2 protein chains.
Amino acid sequence: MAQPIQIALIDDDEAVLDSLSLYFASQKVASTGFSAAPQFLSALGQDKRFDCIVSDVRMPGMSGIDLVRELKSRNVDVPIVLITGHGDVDMAVAAIKVGAADFIEKPFDESRLLASVRAAIEETRQRENADEQKDLPARFASLTARQRQVMELAVSGLSNKEIGARLDISPKTVENHRAWVMERIGARNIAELVRLAMKYDRRS
Amino acid sequence: MAQPIQIALIDDDEAVLDSLSLYFASQKVASTGFSAAPQFLSALGQDKRFDCIVSDVRMPGMSGIDLVRELKSRNVDVPIVLITGHGDVDMAVAAIKVGAADFIEKPFDESRLLASVRAAIEETRQRENADEQKDLPARFASLTARQRQVMELAVSGLSNKEIGARLDISPKTVENHRAWVMERIGARNIAELVRLAMKYDRRS
DNA sequence: TAACACCTAGGTGAAATTACCCAAGTCGAT
DNA sequence: ATCGACTTGGGTAATTTCACCTAGGTGTTA
């Protein structure tokens, strides 16, 4: 379960990028460097995943704070630790307000940065876990009889066509019920639905 | 969990069909009648599912024993209870040998038939459950590191593309690993894989 | 009566899965 | 050094899912 941590480093200063990635590597933490925020965003678009982002605040083009805003608006839930060489209180406040995980002023101890990164990742994980579990019974209870019926068959691995044959309704209708179930339970795919359904079963 | 039982009734004698379906209905057991085996088979082809088949032995065209053989050759694992008005020992032996669940001679008590059907369903369920559980640890252990890696990500709900991005391999390769995992674990779809993986996790 | 929720089912279009096929490279063992 | 297992990745095609949409029928409730 102790999957490796993958960090995105964003800084227009190559020297900082190199130095930080070297440090992270020495701490057995994988990192990928980007010299600008848009480059990082394009990596995200290619389904690359990162557990945490460490970004400079002041960069030509898109600033670190802009990046935070952009990710929030995309509903990308990756913690961002901002660092700066010209830190001031106002900027720090603005950064935290828009949702940055932390704001560190240079010069800083590298171990301080790593600690902040670790804390941010842990916090995000716990929040996601809490979100997933929250009101699980209530969410299952909110399903109608038909929806629960469809869900149980879907969770047991039947296709929409097979479920339709069993319940004697069209596969299309099954599809609709299924979509409702997904939305109400808050599952993004069948795998998640199965996990949540099994958790619920075990609890009740 | 006490899902309703669905029975297929096959007999060329409409009177028998009506009488039995009436009895089953009175016992809160759903049944569908077919006047010939091929009609039943075509319903199966349309993804209809039955927990048990109750079929006459002697019918024009395909006999009850023929039906048993046909289903075995198709690997359809539904128990079949055969009934006959002209039962003889040889036929009974032949029926059981090819894999019929039971063989009942007319005249019979309807409750006797239902008991036989229930027993057959129960036996099949237990066998299927045992098959599913058998050597689960061994099957998971037989996975290579890469396959287990792919499996864990797949089970957590990631698409092949996302898994590929994480492991830095092409989605196509992920697809191949996934197919191997499915075969080795013996899961027919993601839902089953998730269930088995969760069972395994809980046990270990 | 009107609003609302639910079940039903169809359409479109994009994305993903599944099931096959194939080949090339690595690596360890016989 | 050939064999087998594993990893990698490409192709093709069928099927399925997913995300939208519309829309009629039913039943309940304000």
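For clarity, every value in this text was computed on a predicted model and none was experimentally measured. Here is the naming used below: chain letters follow the sequence lines, and residue numbers restart at 1 for every chain.
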Q | A:N176 CG - C:dA5 P separation (whole Å) | A | 17 Å
Q: Only one of B:E123, B:E122, B:E128 passes side chain to side chain donor-acceptor pair (under 3.5 Å) with B:Q126; say which it is.
A: B:E122
(Q) Using a 4.0 Å heavy-atom cut-off, does A:R148 contact any base of the nucleic acid, only the sugar-phosphate backbone, or nothing at all? (A) nothing
**Q.** Phosphate OP1/OP2 of C:dA5: any A:T144 side-chain N/O under 4.0 Å
**A.** no
(Q) What is the distance, to the nearest angstrom, from the CD1 atom on A:I163 to the C1' atom on C:dT8? (A) 16 Å
Q: Would you kindly compare A:H177 and A:K172 by the position of their nearest DNA chain C nucleotide and give the one closer to the 5′ end?
A: A:H177
Q) Given the rule in the side-chain contact (heavy atoms from CB on, under 4.5 Å) test, do A:Y23 and A:L114 qualify, once you have shown the distances and angles that lead to the verdict? A) CA-CA 9 Å; A:Y23 169 70; A:L114 182 54; 3.8 Å; yes
Q) Can you tell me how far P of C:dT17 sits from CG of B:L193, to the nearest Å? A) 13 Å
Q: Output the single nucleotide from C:dT17, C:dA16, C:dA9 whose closest atom is nearest the side chain of B:K161.
A: C:dA16
Q | Spacing of B:W180 atom CH2 relative to D:dT7 atom P, expressed in whole Å | A | 10 Å
(Q) What contact category does B:T173 fall into here, base, sugar-phosphate, or nothing, at under 4.0 angstrom with non-hydrogen atoms? (A) base
Q. With a non-hydrogen cut-off below 4.0 angstrom, is B:S159 in contact with a base, only sugar-phosphate, or nothing?
A. sugar-phosphate
Q | Distance, rounded to the nearest Å, where A:M182 contributes CE and C:dA16 contributes C1' | A | 13 Å
Q) Can you tell me how far C1' of D:dA19 sits from CD of A:E183, to the nearest Å? A) 11 Å
Q) Counting any heavy atom closer than 4.0 Å, what does A:N160 reach on the DNA or RNA strands: base, sugar-phosphate only, or nothing? A) sugar-phosphate
Q) Out of B:M182, B:R184, B:R178, which one pairs with B:W180 under the side chain to side chain contact (heavy atoms under 4.5 Å, CB included) rule? A) B:R184
(Q) Both A:R178 and B:R146 contact DNA chain D. Taking the nearest nucleotide for each, which residue is further toward the 5' end? (A) B:R146
Q: Go through the N and O atoms of the side chain of B:Q147 and the base of D:dC6, and report whether any donor-acceptor pair is under 3.5 Å.
A: no
Q.
For B:R49 and B:Q6, which I'm curious about, is there any donor-acceptor pair between the side chains at under 3.5 Å?
A. no
(Q) Rounding to an integer number of Å, can you tell me how far A:R184 CZ sits from C:dC7 C1'? (A) 12 Å
Q: Nearest whole angstrom, please: distance from the P of D:dT15 to the CD of A:E175.
A: 16 Å
(Q) Students often mix this up, so state it plainly: with edges at 30° and 60°, are the rings of A:F140 and A:Y200 parallel, tilted or perpendicular? (A) parallel
